[in-house]
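Worksheet: the structure to be examined is printed underneath.
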Amino acid sequence: MAKTTRSKAQAVAVNAPQQDEAPVQQPIVTPESEAKGKPASHDTAPPPALLDFMMQGWKPQSGKAPPKLKNADAFEARRRALSKLFPGETLVIPTGHEKVRANDTYYRFRPGTDFYYLTGNMEPDCVLVLQPREDGGHTDILFVEPNPGRSDSTFFTDRVKGELWVGPRLGVKESQARFGVHEARGLPELQGYLEGLKGAATMPTRVLRGHSAKVDGAVPEHAERDKQLATALSEMRLIKDKQEVRELEAAIDSTHRGFEDVIRRLKQARSEREVEGVFNLRARVEGNDVGYGTIAAAGHHACVLHWTRNDGDIKKGELLLLDAGVEGNSLYTADITRTLPISGKFTKEQREIYELVLEAQDRAIDAVKPGNDFMEPNRVAMRVLAEGLYELGILKVKPEEALKDEHQFYKRYSLHNVSHMLGLDVHDCAQARQEAYKYGKLKAGMVLTVEPGLYFQKDDLTVPAKYRGIGVRIEDDVLVTKTGCRVLSEDIPRQTKDVEEWMKQIWSEKR
């Protein structure tokens with residue numbers, strides 16, 4: 001055994017650059033195309049003696065199967081539902097790969113949404129295949145990274161996948177047990193399997209495109225068929241089950257605590273970066289990460305819808321628009337916005353605009369009910385905003401004129417619609433057909449945001465000077481029920497007096 005091990009180790013040493021070789025700049029690639037064991041420019045090659053030493057003296061693996069994934073039955077049910085939509089066809093769903101941040105460093109991996117929805121697997125590079133059976137239905141085949149343990153020197157020489165570099169992977173048999181799939185295979189077998197799908201006698205194949213260049217290149221593209229697969233997965237995710245709603249509620253609760261962390265800091269905060277950092281700490285402590293780039297927009301920055309630079313100053317007397325959400329460990333994300341008076345009290349002008357937006361949101365939430373058009377909350381909110389803008393003297397034409405499709409003058413100050421679906425993605429179900437989503441009917445089990453806003457640019461001469469630079473958005477996450485709706489984020493204060501009292505209470509805490 002020792003002799004065989006030494007031979008493997010020496011082979012690695014021969015192929016590795018010697019210590020006196022000139023360093024080679026690493027290409028900007030994803031790990032799928034990076035050779036195993038390839039050193040970085042600043043690495044030195046391990047000598048054979050070190051390789052031998054590293055291969056010995058490790059406690060044997062237990063061989064015990066990992067526990068089955070929590071809620072594995074729900075993931076299994078989703079695979080079976082997808083199977084029924086495409087009988088007799090091979091379905092290929094990759095999770096994707098780590099993405100380069102700079103040179104040879106990578107962003108933290110987040111699995112592909114549809115792959116996770118079907119498997120619960122968080123590891124990069126994996127691929128799920130639903131292979132049709134002759135007797136009907138499909139066999140689940142999960143391709144995963146093998147884990148050779150300490151039997152292969154790559155566990156410490158491979159900086160991309162070696163477990164001393166990046167942590168262990170489950171392995172093949174372990175993945176089958178953990179995720180409850182019919183079969184698991186090693187990723188080295190994937191290329192050959194995909195090549196076999198090209199034959200004329202094979203079943204039709206659909207691929208979820210855009211996640212893995214290797215998978216995309218291995219299977220001929222059928223654009224319409226592939227798009228139908230992506231659409232079907234998005235439309236499956238439109239309706240949340242009870243467990244998904246619980247996961248969203250947990251993410252919202254964490255987000256609530258994150259907002260309170262920000263309020264505590266706001267007394268002495270000097271920059272938007274502090275706000276972002278404080279909220280993001282909560283996201284990493286209680287969840288996987290933030291669900292999207294935190295918007296911490298103070299003063300006139302609140303008039304930029306997706307202000308994520310977060311490099312501005314925090315000033316007394318201004319507003320802070322905080323649009324943020326914790327992504328839970330189950331990857332379901334909250335999406336909440338509150339506009340907070342930095343001094344703890346709204347000014348008269350700030351209150352006027354805030355309460356107009358709040359009225360629009362209240363009426364929009366009332367319109368969230370099964371059978372209503374998805375766009376109905378938006379229509380209701382825009383009418384409230386247009387009427388309010390007219391009463392404030394900002395809109396010079398009557399609301400009926402401003403609201404006409406050929407005019408839409410109110411959008412100068414509002415800019416966006418009030419709702420999008422929410423779930424595993426912050427803008428969930430994006431590949432669904434328009435007739436099932438934007439122009440469809442609301443159904444029980446859907447979760448959507450309701451988030452009207454008004455934004456008065458600091459240089460907008462159509463706005464009275466006293467309002468310029470004020471930006472207000474109020475956003476909540478709403479579940480459609482059988483009889484109406486339930487605001488999942490209702491515990492986060494939003495009335496002006498409640499927001500002021502909330503801030504006062506937090507600032508009075510003894511810590």
Side-chain angles (χ1 to χ4, degrees), residues 70 96 98-99 101 105-113 116-117 120 122-124 167 240 243-298 301-302 305-312 314 320-340 420-428 447 449 451 473-478 487-494 502-503 506 511:
K70 183 181 178 182
E98 293 174 289
K99 292 180 172 59
R101 181 182 185 277
T105 62
Y106 299 90
Y107 290 104
R108 184 183 299 115
F109 179 71
R110 198 272 195 189
T113 295
Y116 176 83
Y117 180 74
M122 297 273 200
E123 291 185 351
K240 273 63 180 178
Q243 179 59 32
E244 289 179 289
V245 173
R246 284 193 290 269
E247 298 292 356
L248 283 166
E249 288 174 322
I252 290 166
D253 288 345
S254 288
T255 301
H256 188 173
R257 289 186 285 274
F259 275 57
E260 295 189 336
D261 295 337
V262 167
I263 291 172
R264 289 186 186 94
R265 182 73 176 192
L266 208 50
K267 270 276 192 179
Q268 66 267 25
R270 295 184 178 181
S271 76
E272 296 166 344
R273 286 190 179 189
E274 289 181 67
V275 171
E276 176 187 357
V278 167
F279 181 84
N280 289 11
L281 175 62
R282 178 67 66 173
R284 283 295 286 162
V285 168
E286 295 193 1
N288 181 59
D289 210 326
V290 291
Y292 52 96
T294 296
I295 298 169
H301 287 165
L305 298 187
H306 289 168
W307 178 263
T308 56
R309 298 182 200 173
N310 299 339
D311 58 1
I314 300 290
L320 171 72
L321 188 157
L322 178 60
D323 184 338
V326 171
E327 177 185 79
N329 290 315
S330 63
L331 304 188
Y332 288 84
T333 185
D335 183 7
I336 307 294
T337 306
R338 290 293 183 267
T339 305
L340 307 169
H420 58 76
M421 293 298 179
L422 184 70
L424 284 168
D425 290 339
V426 65
H427 296 155
D428 208 30
V447 178
T449 64
E451 50 176 312
R473 180 162 66 251
I474 311 170
E475 177 180 18
D476 284 275
D477 302 338
V478 182
V487 180
L488 301 178
S489 49
E490 63 184 352
D491 289 341
I492 306 176
R494 62 191 182 97
W502 183 34
M503 297 179 72
I506 290 173
R511 300 179 65 85

Worksheet item: What is the distance from atom OH of Y116 to atom CG of L424, rounded to the nearest 0.5 Å?
Response: 7.0 Å
Worksheet entry | H301 side, atom NE2; D311 side, atom CG - distance, nearest 0.5 Å | 6.5 Å
Fill in: H306 atom NE2, over 12 foreign heavy atoms within 6.0 Å
no
Worksheet item: Taking all atoms of both residues into account, what is the closest heavy-atom pair of R473 and D323, and its distance?
Response: NH2-OD2, 2.9 Å
Response to the item:
Of all heavy-atom pairs linking P124 and E98, the shortest is CB-CG, 4.3 Å
Item to complete: Dump the intermediate steps for side-chain contact (heavy atoms from CB on, under 4.5 Å) on W502 and E260, then the final yes or no.
Response: CA-CA 9 Å; W502 183 34; E260 295 189 336; 2.8 Å; yes
Practice prompt. Might you point out which heavy atoms bring Y292 and G325 nearest each other, and give the distance in Å?
Written response: OH-N, 3.4 Å
Item to complete: Could you grab the distance from atom CD1 of I474 to atom CD1 of I336, nearest 0.5 Å is fine?
Response: 12.0 Å
Practice prompt. Determine whether E244 and Y117 make a side-chain contact, defined as any pair of heavy atoms from C-beta on separated by less than 4.5 Å.
Written response: yes
Fill in: Main-chain N/O of T294 paired with N310 side-chain donor or acceptor, under 3.5 Å
yes
Item to complete: Working to the nearest 0.5 Å, report the span between CD of E249 and CG of D491.
Response: 10.0 Å
Worksheet item: Is R110 salt-bridged to D289, going by a charged N under 4.0 Å from an acidic O?
Response: no
Item to complete: Test T449 against D335 for side-chain hydrogen bond (donor to acceptor under 3.5 Å, both in side chains), laying out the working first.
Response: CA-CA 7 Å; T449 64; D335 183 7; 5.0 Å; no
Fill in: Check: T255 and F279 side chains under 4.5 Å, non-hydrogen atoms
yes
Item to complete: Starting at CE of M503, measure out to CZ of R338 and round the result to the nearest 0.5 Å.
Response: 13.0 Å
Item to complete: Compute whether any side-chain donor of one residue and acceptor of the other, for E247 and S330, lie under 3.5 angstrom apart.
Response: yes
Practice prompt. Without swapping roles, check the side chain of E327 against the backbone of N288 for a donor-acceptor pair under 3.5 Å.
Written response: no
Discussion item. Does R101 have more than 12 heavy atoms from other residues, nucleotides or ligands lying within 6.0 Å of its CZ?
Written reply: no
Practice prompt. Could you walk me through whether E451 and H420 pass side-chain contact (heavy atoms from CB on, under 4.5 Å), step by step?
Written response: CA-CA 9 Å; E451 50 176 312; H420 58 76; 3.1 Å; yes
Worksheet, complete the sentence: When every non-hydrogen atom of P111 is compared with those of L331, the smallest separation belongs to CG-CD1, 3.5 Å
Worksheet item: Hey, does L266 have a side-chain heavy atom less than 4.5 Å from the side chain of I506?
Response: no
Discussion item. Nearest 0.5 angstrom please: R257 CZ to R282 CZ, how far?
Written reply: 6.0 Å
Worksheet item: Can a donor-acceptor pair be found between the side chains of S489 and D477 at a distance below 3.5 Å?
Response: no
Worksheet item: Looking at G328 and A251, what are the two nearest heavy atoms and their distance?
Response: N-CB, 4.3 Å
Worksheet item: Quick one: does D425's side chain get under 4.5 Å of T333's, heavy atoms only?
Response: no
Practice prompt. Among L321, I295, L322, find the residue that satisfies the side-chain contact (heavy atoms from CB on, under 4.5 Å) test when tested with T337.
Written response: L321
Worksheet entry | Distance-minimising heavy-atom pair for L320 and A298 | CD1-N, 4.1 Å
